[in-house]
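Have a look at the structure below, then the notes.
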Amino acid sequence: MVLKRISEWRKLPVALSELCIDTTLRCGQSFRWQKINDEWVCTLHGRILSLKQDSTHLHYKVTWPEQSLKGSPAKQKLAPKAEDDTQALLHHYFSLDLDLSSLYEQWSNVDPNFRKKAPTFTGVHKLCKHYGPLIAHIDGVPFYDFPKPDDLTGNGVESNLRELGFGYRAKYIAETARIVAHEKPSNWLETLRNPDNPGFSSQLKPDARNSTYKEAHEALLALKGVGPKVADCVCLMGLGWGESVPVDTHVWQIAQRDYKFGKKAKTFNKAMYDAVGDHFRDLWGKYAGWAHSVLFTADLKAFSDQSLMKEETHGVSIKEELIETNGIVSPKKRKLVETKTVTVKPEPGVEEIKLATEGEGDAKRRRTRSRGRA
DNA sequence: ACGAAACCTCCAAG
DNA sequence: ACTTGGAGGTTTC
């Protein structure tokens, strides 16, 4: 008979900003971790470690080697003692002594490139933390909801946002919040929604007239800091307009390469922007925006796979190729994968981000609607 | 054919 | 990476 000894789940307080096992264990620097039923599992120092993580803790469980009961009593005595070192093992394995936040700050301070490239998803959290309502604490961690436009209309908002790292966006956010909160009817945003796709908690007045997609897009364009691409992101992910196609540089390249756009005139102006979107709407119909996001993602994946292939085929030594095929992933690919996730899976917060930055500017149009010259 | 307004393209900067 | 806004050129009326 064999005895499998498995510990209870234990937990270690770790902030996600200090360790994210989903990122870390996939990063290509460790090769033996497997994700099984939502747990990360690996053998390490004579035991199997199972890991789970929530926003405040790393949870771990240990499975010790199977043993015959006939085994020496001495061995069985050793095990519990060894078990005590698992927390220390994790601590060591993940270098939890290091304060990652401080290191990021330090590296960012001495290297603008690092500051620019290193993934920090703190902006939205900062906005919530400083201007949103506190909902509750969980395990001592405060959770703030997304601020309403009116929460961002105070006096020092712009300079405050600047301090928080919002840069040139500070001005746009502050100004737009003021316009939405004070100069627009309270249901203005609602009137821009797709009536066929109501918001989660929208209460549209029965008599309110809804805009068309084009009207919503144009209304958003009037806001300073909101160009056609951002307006379409808001329309698609925030306001329920499935036909909205955000055209960024990447989509523009797809349009040129696969849909024969801009073959003669390479200039990308508003007329061209609209033409690309119109073409995809014509081609794909009502949910063109979601179709576009599929192609967008597929293209990113193809691109990253291709660059991986390139690296492999250019590998000068067998060793390098082995490492490559063993799963080392270039930083570029990791970045792209992250981008993909953000693009394809609009998380609940997305809608609110959009809402907080919406509001119509002055009546005068900032952008011409003219088509290119005849 | 002229002058002004409208419009466009380019580009730097945030 | 996207948007603004100014300079300077072109088109329209």
Side-chain angles (χ1 to χ4, degrees), chain A residues 108 112-124 126-127 157-180 216-238 244-256 261-277 289 292-293 295-297 299-300 303-304 331-344 346 350 353-354 356-374:
Chain A
S108 296
N113 185 55
F114 185 90
R115 184 183 287 279
K116 200 171 67 184
K117 303 270 176 62
T120 55
F121 303 107
T122 55
V124 172
K126 280 183 179 165
L127 197 65
V157 169
E158 182 185 335
S159 55
N160 233 306
L161 290 177
R162 227 169 258 283
E163 306 246 314
L164 293 175
F166 284 80
Y168 65 91
R169 297 173 188 84
K171 188 173 164 192
Y172 297 143
I173 294 171
E175 183 175 338
T176 295
R178 183 182 56 77
I179 288 170
V180 174
H217 179 89
E218 197 168 344
L220 294 172
L221 270 189
L223 299 168
K224 284 218 189 73
V226 179
K229 187 264 186 184
V230 170
D232 270 324
C233 288
V234 175
C235 282
L236 178 64
M237 291 175 272
S244 170
V245 180
V247 182
D248 64 5
T249 53
H250 199 80
V251 174
W252 170 234
Q253 282 172 33
I254 294 176
Q256 289 177 98
F261 267 88
K263 275 293 185 269
K264 42 166 69 173
K266 283 200 169 260
T267 54
F268 187 65
N269 52 22
K270 181 60 160 64
M272 188 62 87
Y273 182 98
D274 289 338
V276 171
H292 129 282
S293 72
L295 273 203
F296 180 84
T297 305
D299 215 61
L300 284 182
F303 177 72
S304 64
K332 182 188 268 176
K333 169 157 184 175
R334 275 158 56 198
K335 177 103 192 289
L336 292 171
V337 169
E338 285 164 13
T339 308
K340 175 191 77 178
T341 309
V342 168
T343 307
V344 172
V350 167
I353 295 164
K354 312 307 181 189
T357 53
E358 280 162 25
E360 191 182 340
D362 23 0
K364 74 171 180 202
R365 291 174 300 174
R366 291 176 11 242
R367 291 171 184 85
T368 61
R369 318 242 102 235
S370 70
R371 348 197 41 87
R373 11 67 80 42

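Below, read A as the first sequence line, B as the second, and so on, with proteins coming before strands; counting in each chain starts at 1.
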Enumerate the protein-to-nucleotides 10-14 of chain B contacts in which both atoms are nitrogen or oxygen and the separation is below 3.5 Å.
residue : atom : partner   : partner atom : Å
dG14(B) : N2   : Tyr168(A) : OH           : 3.3

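Following rounding to the nearest Å, Lys171(A) (NZ) and dG5(C) (C1') show an atom-to-atom distance of 10 Å. Put simply, CZ on Phe166(A) is 18 Å from P on dT3(C), counting in whole angstrom units. Atom-to-atom, NE2 of His250(A) to P of dA1(C) comes out at 10 Å; the value is rounded to the nearest Å. The separation between Asp232(A) atom CG and dC2(C) atom P is 12 Å, rounded to whole Å. As a whole-Å value, the separation of Lys270(A) NZ from dT9(B) P is 14 Å. What separates CG of Asp248(A) from C1' of dT3(C) is a distance of 14 Å, to the nearest Å. As a whole-Å value, the separation of His217(A) NE2 from dT3(C) C1' is 13 Å.
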Please assess Asp299(A) against Leu295(A) for the test side-chain contact (heavy atoms from CB on, under 4.5 Å), listing each intermediate value before the final yes or no.
-> CA-CA 6 Å; Asp299(A) 215 61; Leu295(A) 273 203; over 6 Å; no
Taking it one step at a time, do Leu221(A) and Lys270(A) satisfy side-chain contact (heavy atoms from CB on, under 4.5 Å)?
-> CA-CA 11 Å; Leu221(A) 270 189; Lys270(A) 181 60 160 64; 3.6 Å; yes
Glu175(A) vs Glu158(A), side-chain contact (heavy atoms from CB on, under 4.5 Å): CA-CA, chis, key distance, verdict | CA-CA 8 Å; Glu175(A) 183 175 338; Glu158(A) 182 185 335; over 6 Å; no
For side-chain contact (heavy atoms from CB on, under 4.5 Å), just list the numbers for Thr249(A) and Phe268(A), CA-CA rounded to whole Å, side-chain angles, deciding distance to a tenth of an Å, and then say yes or no.
-> CA-CA 10 Å; Thr249(A) 53; Phe268(A) 187 65; over 6 Å; no
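Counting heavy atoms from C-beta on, the side chains of Ser244(A) and Met237(A) never come closer than 4.5 Å.
Here the shortest heavy-atom pairing between Val247(A) and Trp252(A) reads CG1-N, 3.9 Å.
The Asn269(A) side chain lies nearest to dT9(B) when the options are dA1(C), dT3(C), dT9(B).
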